[in-house]
Amino acid sequence: MTTVEQPPVNPLDNIRIVLVNTSHPGNIGAVARAMKNMCLNQLYLVEPRKYPHDEATWRAASADDVLNAAVVCETLDEAIADCQLVIGTSARERTVPWPLLDPRHCIERGYAEAAAGHKIALVFGREDRGLTNEELQRCNLHVHIPANPEYSSLNIAMAVQVLTYEVRMQHLSGELNNNDMADWDVPVAGAQDLERYLVHLEETLRDINFLRPEAPKKLMTRLRRLYQRTRLDEMEVNILRGILTSTQYWVRKAKAERPDEPNSGVDWVE
């Protein structure tokens, strides 16, 4: 039997730039140009205010091929559904801290995973206020560009250029920096599968009265941080969802058999 050799993976083909709710069409064109400068071509647009638009085409210059191939999505979840590593750009300190990296270390990790065949999303927020807390909670990692603290405002195309430059430098170096999941036996779970698990987890926690609607505190935010940091694979997600399904079955069975028995749940401290 003749073995057909598969073409080598080009890590750049596994890296996408995701722009969320961009208000100025010129910025979309400028991002397309920044991407093509660094040999990236996958652009995803989540609810752009004005697109297609002549100004976007004009600002793209000779990168209109990247612009014309852009994928327009209604939600961030749609744009990152098949990604195994989602990196969100953040300029603000959060009440609950998240794994935060500078561009170089962030892209070292992201490029290594892209080389292993994982799909990577670099997510950029709105020009005036960036990504919401809810959107950042969809990300495994946060990246912060350490600009001048007295004048830290970056145009979105500038921010994209900084990160894509680091991608280009990693690509040119030819070095795969330590990726502990490169030889994993099961594919890493995609963002969509992880989000379904987290929704299922929240539902189960409500069923057992551990998560109380009247006083949720930051429980789900902390659990999201835990699971985004852990990087579950597909089998692990299936196992955990099976545990949740079994838990729900026995809780509902117990409630049906003893409907008058109160379920006090368990208190936890923030």
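- The side-chain tip of R16 points at the ring of Y44 from less than 6.0 angstrom away and within 45° of straight on.
- Side chains of Q84 and H118: a donor-acceptor N/O pair is absent below 3.5 angstrom, by distance only.
- Between S90 atom OG and N133 atom CG the span is 8.5 Å, to the nearest 0.5 Å.
- Using a 4.5 Å heavy-atom cutoff, the side chains of L141 and R109 are in contact.
- Residues Y51 and A70 approach most closely at OH-CB, 4.0 Å, considering heavy atoms.
- In this structure, CD on E236 lies 11.0 Å from OH on Y197, to the nearest 0.5 angstrom.
- If you check the side chains of Q228 and N140, you find a donor sitting under 3.5 Å from an acceptor.
- Comment: E108 does not engage R104 in a salt bridge, judged by the lack of any side-chain N to carboxylate O separation of less than 4.0 angstrom.
- Transitive grouping of hydrophobic side chains (ILVMFWY, heavy atoms separated by less than 4.5 Å) brings L205 and L226 into a common cluster.
- Distance alone, capped at 3.5 Å, is enough to place a donor-acceptor pair between the T204 side chain and the H200 backbone.
- By the 4.5 Å heavy-atom criterion applied to side chains, L122 and I15 are counted as neighbours.
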Stepwise, does the side chain to side chain contact (heavy atoms under 4.5 Å, CB included) test hold for V162 with M158? CA-CA 6 Å; V162 170; M158 295 178 183; 5.7 Å; no
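- Put simply, CG on L244 and CG on D207 are 10.0 Å apart, with the number rounded to the nearest 0.5 Å.
- Between the side chains of Q192 and E78, no donor N or O sits under 3.5 Å from an acceptor N or O.
- Note: I107 CD1 to T164 OG1 = 8.5 Å, rounded to the nearest 0.5 Å.
- Taking the side chain as every heavy atom from C-beta outward, F210 and L219 approach each other to under 4.5 Å.
- Residues G125 and T89 approach most closely at N-OG1, 4.0 Å, considering heavy atoms.
- Remark: D77 CG is packed, more than 12 non-hydrogen atoms of other residues, nucleotides or ligands lying under 6.0 Å away.
- The CG atom of D233 sits 9.0 Å away from the CG atom of N238 when rounded to the nearest 0.5 Å.
- Under the 4.5 Å side-chain criterion, counting only non-hydrogen atoms from C-beta, L163 is in contact with F124.
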Please report the C-alpha distance between V71 and L45 in whole Å, then the side-chain angles of each, then the deciding distance to 0.1 Å, and finally whether the side chain to side chain contact (heavy atoms under 4.5 Å, CB included) criterion is met. CA-CA 6 Å; V71 178; L45 306 174; over 6 Å; no
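- In this structure, R231 pairs ionically with E113, as a charged nitrogen and a carboxylate oxygen lie closer than 4.0 Å.
- A donor-acceptor contact closer than 3.5 angstrom links the side chains of E127 and N27.
- The two residues P48 and I28 make their nearest non-hydrogen contact at CB-CD1, 3.9 Å.
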If you apply the rule side chain to side chain contact (heavy atoms under 4.5 Å, CB included), what do you find for N21 with V46, and how did you get there? CA-CA 6 Å; N21 207 201; V46 179; over 6 Å; no
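- W58 and M35 end up in different hydrophobic clusters when Ile, Leu, Val, Met, Phe, Trp and Tyr side chains are linked at under 4.5 Å.
- When all heavy atoms of V18 and A79 are compared, the closest pair comes out as CG1-CB, 4.0 Å.
- Listed for the N14 side chain is no donor-acceptor partner under 3.5 Å among the backbone atoms of K119.
- If you take CD on Q137 and CG on L198, they are separated by 9.5 Å, rounding to the nearest 0.5 Å.
- Note on V199 and I80: separate hydrophobic clusters, where clusters join Ile, Leu, Val, Met, Phe, Trp and Tyr whose side-chain heavy atoms are under 4.5 Å apart, directly or indirectly.
- Heavy-atom minimum distance, R126 versus L131: NH1-CA, 4.0 Å.
- Proximity of P146 to P103: side-chain heavy atoms (C-beta onward) are separated by under 4.5 Å at one or more points.
- Closest of all the heavy-atom pairs between A121 and C83 is CB-SG, 3.8 Å.
- Side-chain atoms of Q42 never come within 3.5 Å of backbone atoms of I17 as a donor-acceptor pair (strictly under, hydrogens ignored).
- Contact annotation: the side chain of K36 never approaches that of N41 to less than 4.5 Å [non-hydrogen atoms, C-beta and beyond].
- Side chain of N68 to backbone of D64: a donor-acceptor contact under 3.5 angstrom is found.
- Electrostatic pairing of E202 and R224 does not count as a salt bridge here, judged by no charged N lying under 4.0 Å from a carboxylate O.
- Proximity of R49 to T22: side-chain heavy atoms (C-beta onward) are nowhere separated by under 4.5 Å.
- Side chain to side chain, H105 and D102 meet the donor-acceptor criterion of an N or O pair below 3.5 Å.
- Screening E166, H171, R168 for a side-chain hydrogen bond (donor to acceptor under 3.5 Å, both in side chains) with Y111, the sole residue that qualifies is H171.
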Please step through side chain to side chain contact (heavy atoms under 4.5 Å, CB included) for the pair R212 and R206, ending with a clear verdict. CA-CA 6 Å; R212 299 177 180 177; R206 291 183 188 278; over 6 Å; no
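- Side-chain atoms of I87 and C139, non-hydrogen and from C-beta on, never get closer than 4.5 Å to each other.
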